[in-house]
Amino acid sequence: MTAPSTPQHPVTVRVFSQRFSATPRGARLARRLAVAELHAWGIPHGTDTSDAVAVIVAELAANAVTHGRVPGRDFELRLSLVTGSVRIEVSDTRSGPPHPPGPGDVRPPAALEETARGLVLVDALAARWEVLDRDPPPGKTVRAEVDVAGWLALVRDRTACARPSAPARVASRTSPGP
């Protein structure tokens, strides 16, 4: 007799969460910090994963600032390195309609239209994405995931770095003076 299998939930390896002012400056800072955090996790600047996450964070943060802004309220960015992917969550506090379209409902803008390309980019770059009610209310969260090739090696490298080992030689570098 075998025990029934239980569903496997993604394992979260790393998490970054930060609130930002609902301003264009806050949206830019969110993108910059997201890329820096990925780099610290072992996903270097300029890789496909880093670039995709940067675009998705930029678009979702810009939407939170433009369409989800409530005066005096911030928006939140949360990045998680979960099993096989980077999960991006951007939450704002605006509730009620209009809710952004979800996956499959995004329509490309007209040829000369200057706006409405953000979710088209998210739809193209994310492996999966969805729009959820914010927990705790009020507001909404847009969650997107970008798959990470070789994520297991990334996790192993990080845990190997955390283990104590034999003392290593440290090369000293002098920086040029002012």
Side-chain angles (χ1 to χ4, degrees), residues 9-110 112-148 158:
H9 297 288
V11 176
T12 302
V13 180
R14 302 266 190 264
V15 174
F16 170 81
S17 183
Q18 180 71 45
R19 292 173 68 183
F20 297 92
S21 64
T23 63
R25 177 177 280 175
R28 282 191 306 272
L29 184 58
R31 180 186 55 79
R32 287 177 174 236
L33 288 178
V35 172
E37 191 66 26
L38 290 182
H39 189 77
W41 291 351
I43 302 171
H45 298 280
T47 60
D48 290 343
T49 301
S50 179
D51 290 348
V53 170
V55 170
I56 291 169
V57 168
E59 294 302 332
L60 296 181
N63 284 352
V65 167
T66 305
H67 306 293
R69 184 174 187 276
V70 174
R73 300 271 179 99
D74 298 334
F75 73 92
E76 182 178 9
L77 168 66
R78 181 179 172 94
L79 297 176
S80 308
L81 184 59
V82 297
T83 305
S85 63
V86 173
R87 178 177 294 154
I88 304 136
E89 295 173 307
V90 175
S91 301
D92 63 51
T93 55
R94 168 147 277 147
S95 57
H99 231 48
D105 296 331
V106 177
R107 302 286 174 246
L112 297 177
E113 197 170 353
E114 294 182 7
T115 60
R117 287 178 170 70
L119 290 179
V120 173
L121 290 171
V122 171
D123 199 45
L125 294 172
R128 295 159 296 288
W129 70 283
E130 60 188 334
V131 180
L132 307 163
D133 288 330
R134 184 171 174 255
D135 188 26
K140 65 191 158 303
T141 297
V142 180
R143 176 187 295 158
E145 290 188 9
V146 175
D147 290 337
V148 179
R158 289 290 159 195

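Note that the structure is a prediction, hence the values are computed from the model and not measured.
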(message) Restricting to non-hydrogen atoms, name the atom on I43 and the atom on S50 that form the minimum distance, rounded to 0.1 Å.
(response) CG2-N, 4.1 Å
(request) Hey, could you give me the CD/CZ distance between E145 and R87, rounded to the nearest 0.5 Å? (result) 4.5 Å
(request) For R94 and R69, indicate whether the former's side chain and the latter's backbone hold a donor-acceptor pair under 3.5 Å. (result) yes
(message) Within a 6.0 Å radius of atom CG on D48, are there more than 12 heavy atoms belonging to other residues, nucleotides or ligands?
(response) no
(message) If you apply the rule side chain to side chain contact (heavy atoms under 4.5 Å, CB included), what do you find for L77 with I88, and how did you get there?
(response) CA-CA 7 Å; L77 168 66; I88 304 136; 4.1 Å; yes
(message) Under a 4.0 Å threshold between the charged nitrogen and the carboxylate oxygen, would D92 count as salt-bridged to R134?
(response) no
(message) Working to the nearest 0.5 angstrom, can you tell me the gap between Q18 CD and L29 CG?
(response) 7.5 Å
(request) Mind listing the closest non-hydrogen atom pair of F16 and L33 along with its distance? (result) CZ-CB, 4.1 Å
(request) Answer yes or no: is there a donor N or O on one side and an acceptor on the other, between the side chain of T47 and the main chain of P44, under 3.5 Å? (result) yes
(message) So which atom in D147 and which in S85 form the shortest heavy-atom distance, rounded to 0.1 Å?
(response) OD1-CB, 3.7 Å
(request) Test F75 against every option in V70, T23, T141, V65 by the side-chain contact (heavy atoms from CB on, under 4.5 Å) rule and name the one that passes. (result) V65
(request) Starting at OG of S91, measure out to CZ of R73 and round the result to the nearest 0.5 Å. (result) 13.0 Å
(request) Could you pull out the closest heavy-atom pair between G139 and S95, with the gap in Å? (result) N-CB, 3.8 Å
(message) Tell me the closest heavy-atom pair linking G68 and K140, and the distance in Å.
(response) CA-NZ, 4.2 Å
(request) Assess whether atom CZ of R32 is packed by more than 12 heavy atoms of other residues, nucleotides or ligands within 6.0 Å. (result) no
(request) State, to 0.1 Å, how close D74 and F20 come at their nearest heavy-atom pair, and which atoms those are. (result) CB-O, 3.0 Å
(message) Run L60 and L119 through side chain to side chain contact (heavy atoms under 4.5 Å, CB included) and show every step you take.
(response) CA-CA 8 Å; L60 296 181; L119 290 179; 4.2 Å; yes
(message) What verdict does the salt bridge (charged side-chain N to carboxylate O under 4.0 Å, His left out) test give for E89 and R143, after you've listed the backbone C-alpha separation in whole Å, the side-chain angles of each residue and the deciding distance to 0.1 Å?
(response) CA-CA 4 Å; E89 295 173 307; R143 176 187 295 158; 2.8 Å; yes
(message) With a 4.5 Å cut-off on side-chain heavy atoms, are V53 and L38 touching?
(response) yes
